[in-house]
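To start, the structure under review is shown below, and the notes come after it.
A quick note: this is a predicted structure, and the numbers were derived from the prediction, not measured.
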Amino acid sequence: MLLKRGKMFIIFSALLGFVIGSISATTINDTETLHTDLFQNYNKNVRPINNQSAAMTVTIALYIKSIQEFDEVNEKFSFVAALQLVWTDEKLMWNPSQYGGLELITVSYNDVWVPELTLSSPSARGTTIGKSSDRIRIHDFGEIEWMPANLIESTCSVNAKKFPFDTQSCSTSFTSLGYKSNEVTLKAGLSTIAFNVYSPNALWDVTGSEAKTEILGTGKESEITFTMHLKRKPAFAVINVILPILVLSLLNVLVFVLVPESGERIGYCITTLLAIAVYMTIVSDLLPQTAEPVPLISYKLMIDMIISALIVLVTIVNMRLHSKDDADIVPGWLNSVYIALSCTRRKIHPNEDAEEIPRRNNILIEKEHLAKEKTKRDFDQASKSENKETDNPVTWKKISYMVDWLALITFTFASLLNMIVFIGIAKS
Ligand SMILES: *[C@@H]1O[C@H](CO)[C@@H](O)[C@H](O)[C@H]1NC(C)=O
C-alpha cells in the first residue's frame with residue numbers, strides 16, 4: 001500500500017515535471033548552445049540565401065514618432081522615426097524542440113548579415129542607418145526583424161508659393177547602396193507611413209503619406225521612398241504677418257484725412273511705407289530664397305509697397321495743390337471735373353446729413369468712416385458754397401479736398417482688393 005502510494009507520487013511528480021517542462025524548459029544552456037550552433041559557421045559578409053543568384057527581399061516600414069524640425073528656409077526636414085526591416089536569413093534556422101522550445105533569440109547588430117541602408121537625401125553627414133547597439137531578433141523559421149530608430153535628417157524641397165496656406169510634400173529615400181537590385185530588393189511593408197506612435201506637430205498637420213519602392217535603373221540599386229504630405233497651420237503667419245499688414249494698409253490711407261495744415265502728412269505716410277518695408281524683410285526671412293516659384297505673399301507685399309509709395313506721391317502733389325495761390329486760375333478741365341463730381345455726389349446722396357452712420361464694432365473702421373465723413377463734409381461745404389455763389393470760382397483748396405477724397409476711396413479700395421485677391425488665390 002505504502003509502496004503503491006510512493007510509486008504513484010513518483011509518477012505524478014514526473015508528469016507534473018513534464019507538463020511544466022514543456023511550458024518553459026528553455027534554459028540558459030539551450031540558448032548558449034543555439035548561439036554556438038548558429039554562429040560557428042556563419043559569415044556575415046555572405047548574403048544568407050541558398051540560391052545565390054536570387055535576390056534577397058527586405059521588407060521595410062517606417063514608424064514616425066514626431067517631426068523634429070521643418071526648416072523651410074534651408075529646406076531641411078528632420079524627424080524621429082524607427083524603420084522596421086524584415087527579411088529571411090536561410091542560415092539562421094533551427095528546430096525549437098532541439099533547444100528546449102526556444103523560438104526566438106536576439107543578437108547584436110554586429111553578429112549577422114544586415115542590409116545596410118543609406119539615406120539618399122541627407123541634409124547632414126553620417127546618415128547610414130544602424131548602430132552597434134541595435135538588437136536584432138531572429139525567429140526559428142529564419143525571419144529576422146531589425147528596428148533601427150534614429151533622428152533622420154533629410155532634405156525637402158519647399159514650394160512656398162501659397163504661404164501661409166501652403167502644403168508641402170517631403171520625401172525621404174533609403175537605398176541599400178552596396179547591393180544591386182538583383183542582390184537585395186527593397187519592398188514596402190505598408191502602403192503608407194505608420195503613425196501609431198506619432199505625436200502631432202505644432203506648425204504642421206499631416207494630411208497623408210505613402211511608401212513606394214523603385215529601382216534606380218537596370219543593374220542599379222533599389223530604393224524605397226517615404227513621402228509625407230504636410231499642411232501648414234496658418235494661424236501663426238496670419239496673426240504675425242497678414243493682419244498687421246492689413247492694419248498698416250488701412251492706417252496708410254488715413255493720411256488723406258489728416259489736415260494738411262498739421263504739417264504731419266509726409267512724415268506719417270513715409271513712416272507707414274517704412275513699416276511695410278520692415279514687414280517685407282520679416283516675411284522674406286520666413287521663406288526660402290527661391291525665385292521659382294516666387295511666393296504670392298512677396299507679390300502682395302510688393303503691391304502694398306507700391307500703393308504706399310503712390311500714397312506718398314499723391315500726398316506730396318496734393319500738398320502743392322493745397323498751398324497754391326488762389327490767384328492762379330484753376331484750369332477749365334479741372335473745374336469741369338470738380339463740378340461734375342460734386343453734381344454726381346449730390347445725386348447719389350440727396351440728403352446726406354440725415355444719413356445714419358452705420359454701427360461698426362471695429363474702432364479703426366469707424367474712425368476711418370468718421371474721417372471720411374469729415375473729408376466729405378469739407379468737400380460738400382466747398383461744393384455747396386460754390387453752387388450758392390456761382391460767381392465764386394473753384395479754388396485750389398477745393399481741388400485739393402477733392403483729390404484727398406478721391407485718393408482715400410481709391411487707395412482703400414486698392415488695399416482691400418490686394419488683400420482679398422491674395423487670400424483668394426493662396427487659399428484656392
Ligand atoms: C535561383 O534564382 C534564379 C533567379 O531567381 C532562378 O532563375 C533559378 O532558377 C534559381 N535556382 C534554383 C535552383 O532555384
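- Remark: the Asp89 side chain and the Trp113 side chain contain no N/O donor-acceptor pair separated by less than 3.5 Å.
- With values rounded to the nearest 0.5 angstrom, Ile129 atom CD1 is found 9.5 Å from Ile60 atom CD1.
- In this structure, Glu72 pairs ionically with Arg232, as a charged nitrogen and a carboxylate oxygen lie closer than 4.0 Å.
- In this structure the side chain of Tyr99 never reaches within 4.5 angstrom of the side chain of Thr26, judged on heavy atoms.
- Formation of a donor-acceptor pair under 3.5 Å by the Lys187 side chain with backbone atoms of Ile224 is not found in this model.
- Listed for the Glu75 side chain is a donor-acceptor partner under 3.5 Å among the backbone atoms of Val158.
- In this structure, the side chains of Thr185 and Val58 stay at 4.5 Å or more apart for every pair of heavy atoms.
- Note on ring orientation: taking the six-membered ring where Trp is involved, the planes of Tyr401 and His322 are perpendicular (angle over 60°, cut-offs 30° and 60°).
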Note to self: Set out, in order, the CA-CA distance, both residues' side-chain angles and the distance that settles salt bridge (Lys or Arg N to Asp or Glu O under 4.0 Å) for Asp111 and Lys44, then state yes or no.
What the structure shows: CA-CA 7 Å; Asp111 293 343; Lys44 62 178 183 172; over 6 Å; no
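- Atom CD of Glu210 sits about 9.5 Å away from atom OG of Ser191, to the nearest 0.5 Å.
- Val259 and Arg265 get closest at one heavy-atom pair: C-NE, 4.3 Å.
- Checking side-chain atoms of Ser400 against main-chain N and O of Trp396 turns up no donor-acceptor pair under 3.5 Å.
- Residues Leu85 and Thr59 have side chains not in contact (no heavy-atom distance under 4.5 Å, counting atoms from C-beta outward).
- Contact annotation: the side chain of Trp87 approaches that of Trp146 to within less than 4.5 Å [non-hydrogen atoms, C-beta and beyond].
- With values rounded to the nearest 0.5 angstrom, Ser249 atom OG is found 7.0 Å from Ile307 atom CD1.
- Ring geometry for Phe79 against Phe77 counts as tilted: the plane angle lies between 30° and 60°, on a 0 to 90° scale.
- When side chains are defined from C-beta on, Tyr63 does not count as touching Ile193, because their heavy atoms never get closer than 4.5 Å.
- Looking at Asp166 and Lys161, no side-chain N of the basic residue comes within less than 4.0 Å of a carboxylate O on the acidic one, giving no salt bridge.
- In this structure a side-chain-to-backbone donor-acceptor pair under 3.5 Å is present from Asp325 to Ala327.
- To the nearest 0.5 angstrom, Phe163 atom CZ is 10.5 Å from Gln168 atom CD.
- For the pair Ser342 (side chain) and Tyr338 (backbone), a donor-acceptor distance under 3.5 Å is present.
- Here the options are Leu38, Asp30, Thr31, the test is side-chain contact (heavy atoms from CB on, under 4.5 Å), and the partner is Leu34; only Leu38 passes.
- Checked by atom type and distance alone, the side chain of Thr281 pairs as donor or acceptor with a backbone atom of Ala277 at under 3.5 Å.
- Using a cutoff of 4.0 Å between basic side-chain nitrogens and carboxylate oxygens, Glu183 and Arg47 are not scored as salt-bridged.
- With a 4.5 Å cut-off on side-chain heavy atoms, Leu92 and Phe39 count as touching.
- Ser120 and Glu223 share a donor-acceptor pair across their side chains, judged by distance under 3.5 Å alone.
- In this structure, Asp285 and Val73 have side chains that are not in contact, with every pair of non-hydrogen atoms separated by 4.5 Å or more.
- A donor-acceptor contact shorter than 3.5 Å is absent between the side chain of Gln84 and the backbone of Ala61.
- The one candidate from Ser171, Ser123, Ser121 that meets the side chain to side chain donor-acceptor pair (under 3.5 Å) condition with Ser154 is Ser121.
- At distances below 3.5 Å, at least one donor-acceptor pair connects side-chain atoms of Asn43 with backbone N or O atoms of Asn45.
- Asn240 contributes a side-chain N or O that, together with a main-chain N or O of Phe236, makes up a donor-acceptor pair within less than 3.5 Å.
- Open room surrounds NZ on Lys91; 12 or fewer heavy atoms of other groups in view lie less than 6.0 Å from it.
- In summary, the side chains of Ser308 and Asn252 do present a donor paired with an acceptor at a separation below 3.5 Å, with no hydrogens or angles considered.
- At most 12 non-hydrogen atoms from other residues, nucleotides or ligands lie less than 6.0 angstrom from OH of Tyr299.
- His229 and Thr207 share no side-chain donor-acceptor pair at under 3.5 Å.
- Separating the OG atom in Ser284 from the CG atom in Leu301 is a distance of 9.5 Å, to the nearest 0.5 Å.
- Counting only heavy atoms from C-beta outward, the side chains of Leu406 and Leu341 approach each other to under 4.5 Å.
- Ring centroid separation for the pair Trp204 and Phe70 comes in under the 6.0 Å cut-off.
- Between the CD1 atom in Ile276 and the CG atom in Leu251 there is a gap of 9.5 Å [rounded to 0.5 Å].
- A donor-acceptor pair shorter than 3.5 Å cannot be found between the side chains of Asp140 and Asn95.
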